[in-house]
**Student:** 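First, the structure itself, so that you have it in front of you.
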Amino acid sequence: MSFTNIFSDIGKSASDRDRKGTRPYDAVSALAEAGFGRLRLGRNEGGYGLSLSESFVQLRELARADSNLPQIFRAHFAFVETLRAGLPQAETWQGLVRDNRIFGAAMAERANETSVTTEVTHGLNGLVLNGRKYYSTGTLYADWIIVWATLGGDRVRVLVPATATGVTRLDDWDGFGQRLTGSGTTLFDQVALTPDQIVERAPADTPPSQPFLGAYYQQFHNTTLAGIAQAVLQDALAFVRPRERVFGVPGKVSQRHDPIVQSVVGRLSSLAYSTAVLADQGARALEAIEPLFLAGAHDDDAIEQAQEQIFKAQQIITQQTLEAATTLFEVGGASATSESLDLDRHWRNARTLASHNPAAQRQRELGDVALNGTRLWTPYRDGLRRLAETRRAGEAA
């Protein structure tokens with residue numbers, strides 16, 4: 001199994017896609033047809049049987065080629081993990097993964113409350129789904145959509161064909177980075193459902209994902225950021241090696257032999273190494289607690305410790321990737337800012353990924369853990385509890 005050639009082709013056109021706003025349908029299709037979405041399915045289930053660590057190495061290489069692509073597949077890979085843990089009707093959904101179908105996400109809403117406006121109700125002819133979601137990452141390219149909604153006051157997870165009647169996908173994501181991830185709005189208007197499309201149901205005051213998956217999602221960001229740091233180094237080398245310049249020294253100077261440039265590239269190579277090491281360590285931490293997740297032991301202290309490791313690494317990976325994406329411009333002066341090079345995409349993409357889960361809030365939470373032993377996600381859990389209490393009070397009135 002090797003995706004090297006596909007990654008190479010994706011990387012060659014990444015800058016051009018970013019500049020022109022060309023959606024990577026061809027790249028997603030090439031990956032899907034090669035079975036990229038089956039990395040974590042067992043060999044006896046039609047997959048490649050990669051470990052968590054091995055799969056994250058592949059994702060980091062994909063991020064080096066184009067950091068939009070791992071983000072597009074993020075919900076898909078997390079869904080495969082839930083299938084491996086025994087989601088209801090897992091065999092049915094695994095069959096779709098084996099057939100190289102891709103799952104996207106429509107979970108979050110602008111109000112910062114999961115499943116506020118989207119609900120499943122009983123229509124004249126059965127269950128129907130109505131509402132809207134924003135931050136629908138990957139859904140633009142997906143065959144199926146994973147939707148969080150409400151049903152009778154509970155939170156439910158629903159699987160919907162992307163082309164079902166009543167589903168509208170809008171490419172209205174206007175972030176300055178990760179522009180091509182399809183992270184815009186998805187509308188659901190009287191979308192007919194069958195009961196087996198509801199694959200999970202839980203009280204509204206419980207977190208929408210288990211701690212293992214919460215850590216998994218953040219590890220995905222860490223891996224993508226580490227891939228960006230690799231891409232920064234790669235582009236720095238490609239920029240410097242063929243160049244001669246006149247700057248501070250009379251005559252032409254081979255830039256690759258300039259001590260200042262060498263120092264800058266040395267720093268970039270160190271940052272690429274450091275972020276990769278931290279990301280790999282996070283993958284190993286997840287791998288260590290995977291048996292607990294598969295066994296349904298979601299509150300084990302070992303899971304809490306693995307989350308803490310990944311969140312700590314995230315603080316450093318984010319800062320170092322942003323440093324690399326800024327330092328890159330020191331290798332070429334004003335010429336490096338040419339729009340034709342599109343080197344600014346690395347900073348824009350890293351900054352956008354870093355903003356998905358504000359580092360300042362995560363840093364405060366880690367400080368609370370160190371000082372007071374407060375469990376991670378406590379503010380979020382408390383907020384869900386207050387929200388559920390408010391809803392129950394409203395229903396009682």
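Here the structure is a predicted model, which means the values were calculated and not measured.
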**Student:** Please state whether the rings of Tyr216 and Phe56 are parallel, tilted or perpendicular, taking 30° and 60° as the class boundaries.
**Tutor:**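 Aromatic pair Tyr216/Phe56 classed tilted.
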**Student:** Could you verify whether a donor N or O on one side chain and an acceptor N or O on the other, from Gln71 and Thr224, lie under 3.5 Å apart?
**Tutor:**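 The criterion, which ignores hydrogens and geometry beyond distance, is not satisfied for Thr224 and Gln71.
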**Student:** Got a second to check how far Leu292's CG is from Asp300's CG, nearest 0.5 Å?
**Tutor:**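 One gets 4.5 Å once the value is rounded to the nearest 0.5 Å.
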**Student:** Quick one: does any side-chain atom of Asp66 pair with a main-chain N or O of Asn68 as donor and acceptor, under 3.5 Å?
**Tutor:**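 Confirmed, Asp66 side chain pairs with Asn68 backbone.
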**Student:** Taking only residues two or more places apart in sequence or in another chain, which ones pass side-chain hydrogen bond (donor to acceptor under 3.5 Å, both in side chains) with Thr163?
**Tutor:**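 Scan of Thr163 (side-chain hydrogen bond (donor to acceptor under 3.5 Å, both in side chains), adjacent residues dropped) gives none.
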**Student:** So Phe36 and Phe73, would you call those rings parallel, tilted or perpendicular, with 30° and 60° as cut-offs?
**Tutor:**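 Ring orientation, 0 to 90° scale: perpendicular.
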**Student:** First locate atom CG of Asp189, then atom CG of Leu129, and finally report the distance between them rounded to the nearest 0.5 Å.
**Tutor:**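 It comes to 10.0 Å.
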**Student:** Taking the side chain from Thr118 and the backbone from Arg132, do they hold a donor-acceptor pair closer than 3.5 Å?
**Tutor:**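 At least one qualifying donor-acceptor pair exists.
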**Student:** Do Leu140 and Leu170 belong to the same hydrophobic cluster, where Ile, Leu, Val, Met, Phe, Trp and Tyr are linked whenever their side-chain heavy atoms lie under 4.5 Å apart, directly or via other members?
**Tutor:**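 Each belongs to a different hydrophobic cluster.
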**Student:** Taking only Lys NZ, Arg NE, NH1 and NH2, and the carboxylate oxygens of Asp or Glu, determine whether Asp26 and Arg17 approach each other closer than 4.0 Å.
**Tutor:**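 Answer for the salt bridge query: no.
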**Student:** Per the salt bridge (Lys or Arg N to Asp or Glu O under 4.0 Å) rule, what does the pair list look like for residues 164-177, sequence neighbours excluded?
**Tutor:**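 Listed once each, the pairs are Arg23-Asp171.
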**Student:** Please determine whether side-chain hydrogen bond (donor to acceptor under 3.5 Å, both in side chains) holds for the pair Ser335 and Arg243, giving the CA-CA distance in whole Å, both sets of side-chain angles, and the decisive distance to 0.1 Å.
**Tutor:** CA-CA 11 Å; Ser335 59; Arg243 289 177 63 82; 3.0 Å; yes
**Student:** Cut-off 3.5 Å, side chains only: do Arg19 and Ser15 have a donor facing an acceptor?
**Tutor:**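 There is such a pair between these side chains.
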**Student:** Nearest 0.5 angstrom please: Leu87 CG to Trp93 CH2, how far?
**Tutor:**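 So the gap between those two atoms works out to 9.0 Å.
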**Student:** Mind listing the closest non-hydrogen atom pair of Ile145 and Phe188 along with its distance?
**Tutor:**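 Looking at all heavy atoms of both residues, the shortest contact is CG2-CZ, 4.4 Å.
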**Student:** Given 3.5 Å as the limit, does a donor-acceptor pair link the side chain of Thr352 with the main chain of Arg348, or not?
**Tutor:**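 Yes; at least one donor-acceptor contact below 3.5 Å.
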**Student:** For Ser274 and Ser270, indicate whether the former's side chain and the latter's backbone hold a donor-acceptor pair under 3.5 Å.
**Tutor:**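 No, the answer is negative, given that no donor and acceptor are paired below the 3.5 Å cut-off.
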**Student:** Any side-chain to backbone donor/acceptor pair from Lys133 onto Trp148? Under 3.5 Å, distance only.
**Tutor:**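 Yes, because the side chain of Lys133 sits within donor-acceptor range (under 3.5 Å) of the backbone of Trp148.
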**Student:** side-chain contact (heavy atoms from CB on, under 4.5 Å) for Val158 and Leu127? Distances and angles first, verdict last.
**Tutor:** CA-CA 11 Å; Val158 183; Leu127 296 170; over 6 Å; no
**Student:** Check whether Arg155 reaches the backbone of Ala204 with its side chain - one donor and one acceptor, N or O, closer than 3.5 Å.
**Tutor:**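 Yes; at least one donor-acceptor contact below 3.5 Å.
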**Student:** Going from OG1 on Thr206 to CG on Asp154, what distance comes out if it is rounded to the nearest 0.5 angstrom?
**Tutor:**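 Going from the OG1 atom of Thr206 to the CG atom of Asp154 covers 8.5 Å.
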**Student:** Between His356 and His221, what is the ring plane arrangement, given parallel below 30°, perpendicular above 60°, and tilted in between?
**Tutor:**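 Rings of His356 and His221: perpendicular, as their planes differ by over 60°.
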**Student:** Quick one: salt bridge (Lys or Arg N to Asp or Glu O under 4.0 Å) pairs with a partner in residues 34-44, sequence neighbours left out?
**Tutor:**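 For residues 34-44: Arg40-Glu81, Arg40-Glu290.
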**Student:** List the residues meeting ring-ring contact (aromatic ring centres under 6.0 Å, His included) with Trp377, not counting sequence neighbours, and say none if there are none.
**Tutor:**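 By the ring-ring contact (aromatic ring centres under 6.0 Å, His included) rule, Trp377 matches Phe311.
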**Student:** Return each pair, listed once, that meets salt bridge (Lys or Arg N to Asp or Glu O under 4.0 Å) where at least one residue sits in residues 206-217; pairs must be two or more places apart or across chains.
**Tutor:**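 Checked against salt bridge (Lys or Arg N to Asp or Glu O under 4.0 Å) - neighbours excluded - no pair reaches residues 206-217.
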**Student:** At what distance, to the nearest 0.5 angstrom, does OG1 of Thr326 lie from NE2 of His346?
**Tutor:**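 So the OG1 of Thr326 and the NE2 of His346 are separated by 12.0 Å.
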**Student:** Quick one: does any side-chain atom of Asp143 pair with a main-chain N or O of Ile102 as donor and acceptor, under 3.5 Å?
**Tutor:**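 At least one qualifying donor-acceptor pair exists.
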**Student:** Other members of the hydrophobic cluster containing Phe176, with the 4.5 Å side-chain heavy-atom rule, please.
**Tutor:**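 Grouped by the 4.5 Å side-chain rule, Leu322, Trp347 form the rest of the cluster around Phe176.
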**Student:** Does the side chain of Glu287 come under 3.5 Å of the side chain of Ser53 through a donor N or O and an acceptor N or O?
**Tutor:**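 Yes, side-chain donor-acceptor contact under 3.5 Å.
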**Student:** With sequence neighbours left out, write down each residue that passes salt bridge (Lys or Arg N to Asp or Glu O under 4.0 Å) with Asp301, or none if nothing qualifies.
**Tutor:**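 Applying salt bridge (Lys or Arg N to Asp or Glu O under 4.0 Å) to Asp301 gives Arg375.
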**Student:** Distance only, no hydrogens: is a donor on one side chain within 3.5 Å (strictly under) of an acceptor on the other, for Asn130 and Gln190?
**Tutor:**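 The answer is yes; a qualifying pair exists.
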**Student:** With sequence neighbours excluded, what pairs up with Phe239 under the ring-ring contact (aromatic ring centres under 6.0 Å, His included) test?
**Tutor:**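 With sequence neighbours excluded, Phe239 shows a ring-ring contact (aromatic ring centres under 6.0 Å, His included) to no residue whatsoever.
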**Student:** With a 4.5 Å cut-off on side-chain heavy-atom distances among I, L, V, M, F, W and Y, is there a chain of contacts connecting Ile6 to Leu59?
**Tutor:**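 Yes; Leu59 is reachable from Ile6 via cluster members.
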**Student:** Under a single-linkage definition using a 4.5 Å side-chain heavy-atom cutoff for Ile, Leu, Val, Met, Phe, Trp and Tyr, are Tyr134 and Val167 assigned to the same hydrophobic cluster?
**Tutor:**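 Tyr134 does not cluster with Val167.
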**Student:** When you look at Leu83 and Phe103, which way does the side-chain contact (heavy atoms from CB on, under 4.5 Å) test go after all the steps?
**Tutor:** CA-CA 12 Å; Leu83 293 179; Phe103 290 78; 6.0 Å; no
**Student:** Report yes or no: do Val232 and Val240 belong to one cluster of Ile/Leu/Val/Met/Phe/Trp/Tyr joined by side chain heavy-atom distances under 4.5 Å?
**Tutor:**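 Result: yes, single cluster for both.
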**Student:** Taking only residues two or more places apart in sequence or in another chain, which ones pass side-chain hydrogen bond (donor to acceptor under 3.5 Å, both in side chains) with Glu91?
**Tutor:**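 Once residues adjacent in sequence are excluded, the partners of Glu91 under the side-chain hydrogen bond (donor to acceptor under 3.5 Å, both in side chains) criterion are Arg98.
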**Student:** Do Thr378 and Asp382 pass the side-chain contact (heavy atoms from CB on, under 4.5 Å) test, and can you show the C-alpha distance, the side-chain angles, and the key distance before you say yes or no?
**Tutor:** CA-CA 6 Å; Thr378 293; Asp382 289 345; 3.6 Å; yes
**Student:** Can you tell me how far OG of Ser13 sits from CG of Asp18, rounded to the nearest 0.5 angstrom?
**Tutor:**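 Output value for this atom pair is 11.5 Å.
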**Student:** With sequence neighbours left out, write down each residue that passes side-chain hydrogen bond (donor to acceptor under 3.5 Å, both in side chains) with Thr194, or none if nothing qualifies.
**Tutor:**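 Listed in chain order: Asp196, Gln197.
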**Student:** Would you please say whether a donor-acceptor pair under 3.5 Å links the side chains of Gln314 and Arg362?
**Tutor:**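 Side-chain D/A pair, Gln314 to Arg362: present.
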**Student:** For the backbone of Ser67 and the side chain of Gln178, can you confirm whether one donor and one acceptor N or O come within less than 3.5 Å of each other?
**Tutor:**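 Yes, Gln178 side chain to Ser67 backbone: donor-acceptor pair under 3.5 Å.
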**Student:** Output yes when a side-chain donor or acceptor of Gln262 lies under 3.5 Å from a complementary backbone atom of Arg256, and no otherwise.
**Tutor:**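 Between the backbone of Arg256 and the side chain of Gln262 there is a qualifying donor-acceptor contact (under 3.5 Å).
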**Student:** Using the side chain to side chain contact (heavy atoms under 4.5 Å, CB included) criterion, which residues pair with Glu323? Sequence neighbours excluded.
**Tutor:**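 Partners of Glu323 under the side chain to side chain contact (heavy atoms under 4.5 Å, CB included) test: Arg267, Leu271, Thr327.
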**Student:** Check Ile317, Thr321, Asp280 against Asn222 for a side chain to side chain contact (heavy atoms under 4.5 Å, CB included) and give me the one that passes.
**Tutor:**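 The residue from Ile317, Thr321, Asp280 that satisfies side chain to side chain contact (heavy atoms under 4.5 Å, CB included) with Asn222 turns out to be Ile317.
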**Student:** With sequence neighbours excluded, tell me which residues meet side-chain hydrogen bond (donor to acceptor under 3.5 Å, both in side chains) with Asn372.
**Tutor:**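 Per chain and number, Asn372 pairs via side-chain hydrogen bond (donor to acceptor under 3.5 Å, both in side chains) with Asp368.
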**Student:** Do Tyr135 and Val147 land in one hydrophobic cluster if side-chain heavy atoms of ILVMFWY residues count as linked below 4.5 Å?
**Tutor:**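 They do not share one cluster, since no chain of ILVMFWY contacts under 4.5 Å joins Tyr135 to Val147.
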**Student:** Any donor and acceptor pair, going by atom type alone, linking the side chain of Ser136 with main-chain N or O of Ser183 inside 3.5 Å?
**Tutor:**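 No, Ser136 side chain to Ser183 backbone: no donor-acceptor pair under 3.5 Å.
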